[in-house]
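Working notes, structure below.
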Amino acid sequence: MVNDEHPTELRFNEAVEWICRFILESPGPVNLVIEAPLSVAFDQTGNPAGRSIEKQGGRTRYWYVGLGCSVMVAALYLAKAVAAIRAESEVRLFEGFVSFKARDAKSDHSRDVELLREVIRDPGDFPGGIVAPQDLRMTDSDRLESAFAVAGIDTGVPPVILRDGQDDSG
């Protein structure tokens with residue numbers, strides 16, 4: 001989804017191609033939101049640790065298990081493609097996090113990006129909807145880093161745009 005346009009659902013390879021072309025053709029900075037874990041946390045002993053946004057009540061969606069890990073790998077391939085084009089435009093990375101959806105609900109990717117856009121447009125309406133990198137630690141001793149550092153692509157720890165996936169409006 002770009003600006004005010006309606007979301008478009010593409011296959012992964014089509015999305016990578018489209019995003020890279022968009023960045024190459026952009027005359028200015030590009031704010032790229034990817035709904036996947038873009039940072040990782042480790043505890044003081046070096047073991048994977050959850051990030052503050054990944055726990056809600058008794059439920060967890062940690063970056064290192066299940067679908068979080070799967071979409072993080074896909075995001076790594078997107079980051080690799082973006083890095084390879086060596087665009088002149090600055091790419092500002094943001095993590096989108098729409099989670100804790102009803103367990104039996106089918107994912108609606110278009111609706112997810114619309115929910116994230118609502119937070120970006122009206123952050124005052126969504127307290128806690130934009131999480132600064134330093135606020136992702138569960139404990140002060142946790143170490144945060146780019147999820148892509150393992151592949152030699154250090155994008156830093158981006159801010160997270162957070163939206164509760166149980167919203168059924170729209």
Side-chain angles (χ1 to χ4, degrees), residues 1-3 19 22-23 26 28-101 107 109 111-167:
M1 176 168 60
V2 176
N3 300 323
I19 290 166
F22 181 86
I23 292 169
S26 179
V30 173
N31 294 322
L32 178 60
V33 180
I34 302 173
E35 191 191 357
L38 303 184
S39 66
V40 295
F42 297 93
D43 67 19
Q44 60 187 357
T45 63
N47 289 312
R51 300 175 302 158
S52 63
I53 59 171
E54 296 169 333
K55 187 172 185 177
Q56 186 180 83
R59 297 172 64 193
T60 58
R61 296 288 186 268
Y62 294 136
W63 65 268
Y64 54 90
V65 295
L67 289 177
C69 196
S70 298
V71 295
M72 182 172 53
V73 170
L76 172 59
Y77 279 89
L78 172 59
K80 182 179 175 184
V82 169
I85 62 172
R86 302 198 185 285
E88 292 183 26
S89 298
E90 175 187 8
V91 177
R92 301 172 183 153
L93 199 57
F94 297 85
E95 176 179 333
F97 190 77
V98 180
S99 196
F100 300 102
K101 301 170 190 170
S107 285
H109 303 296
R111 182 64 185 141
D112 289 350
V113 296
E114 289 172 340
L115 291 169
L116 293 171
R117 179 171 59 187
E118 290 173 6
V119 175
I120 294 165
R121 285 190 172 158
D122 298 306
D125 289 347
F126 303 95
I130 299 177
V131 182
Q134 65 270 17
D135 296 330
L136 293 172
R137 287 182 180 85
M138 289 257 238
T139 67
D140 289 341
S141 61
D142 287 348
R143 176 177 47 89
L144 293 169
E145 63 183 59
S146 167
F148 310 137
V150 70
I153 306 170
D154 190 354
T155 58
V157 177
V160 177
I161 302 164
L162 178 66
R163 186 67 194 266
D164 185 345
Q166 295 188 44
D167 178 277

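These numbers come from the heavy atoms of this one structure, side chains and all, not from hydrogens, waters or symmetry mates.
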Test item: Asp43 and Ser141 side chains (from C-beta on) under 4.5 Å apart, heavy atoms: no
Test: Arg111 and Glu114 ion pair at under 4.0 Å: yes
Arg137 (side chain) donor-acceptor with Asp142 (main chain) under 3.5 angstrom: yes
Side chains of residues 153-160: which donor-acceptor pairs under 3.5 Å do they make with residues two or more places apart or in other chains?
unit_1: Asp154; atom_1: OD1; unit_2: Gly156; atom_2: N; d: 3.0
unit_1: Thr155; atom_1: OG1; unit_2: Ser146; atom_2: OG; d: 3.1

Greater than 12 external heavy atoms within 6.0 Å of Ile85's CD1: yes
Any donor-acceptor N/O pair, Ser52 side chain to Asp135 backbone, under 3.5 Å: yes
Stepwise side-chain contact (heavy atoms from CB on, under 4.5 Å) test for Ile130 and Val119: CA-CA 8 Å; Ile130 299 177; Val119 175; 4.1 Å; yes
Close side-chain approach of Trp63 and Cys69, heavy atoms under 4.5 Å: no
Shortest non-hydrogen contact between Val71 and Pro37, atoms and distance: CG2-CD, 3.7 Å
Value rounded to 0.5 Å, distance of CG in Leu116 from CD1 in Ile34: 12.0 Å
CD/Gln134: more than 12 non-hydrogen atoms of other groups inside 6.0 Å: yes
CA sep, side-chain torsions, deciding dist, call: Val33, Ile120, side-chain contact (heavy atoms from CB on, under 4.5 Å): CA-CA 10 Å; Val33 180; Ile120 294 165; 4.2 Å; yes
Side-chain touch Thr60/Glu54, heavy atoms, less than 4.5 angstrom: no
Other residues, nucleotides, ligands: >12 heavy atoms within 6.0 Å of Gln44 CD: no
Pairwise distance CZ(Arg51) to CG(Leu144) - rounded to 0.5 angstrom: 8.0 Å
Glu35 (side chain) donor-acceptor with Val113 (main chain) under 3.5 angstrom: no
From Leu115 atom CG to Phe126 atom CZ, the distance as rounded to the nearest 0.5 Å: 8.0 Å
Greater than 12 external heavy atoms within 6.0 Å of Arg86's CZ: no
CA sep, side-chain torsions, deciding dist, call: Leu38, Phe148, side-chain contact (heavy atoms from CB on, under 4.5 Å): CA-CA 7 Å; Leu38 303 184; Phe148 310 137; 3.5 Å; yes
Side-chain heavy-atom pair Ile53, Glu95 within 4.5 angstrom cut-off: yes
Gap between atom CG of Leu32 and atom CD1 of Ile19 - 0.5 Å precision: 5.5 Å
Pairwise side-chain contact, Met72 with Val40, heavy-atom cut-off 4.5 Å (strictly under): yes
Donor-acceptor contact present, side-chain Arg163 to main-chain Gly129, <3.5 Å: no
From Thr45 atom OG1 to Arg143 atom CZ, the distance as rounded to the nearest 0.5 Å: 10.0 Å
Exercise: identify the closest heavy-atom pair between Ser89 and Ser26: OG-O, 2.6 Å
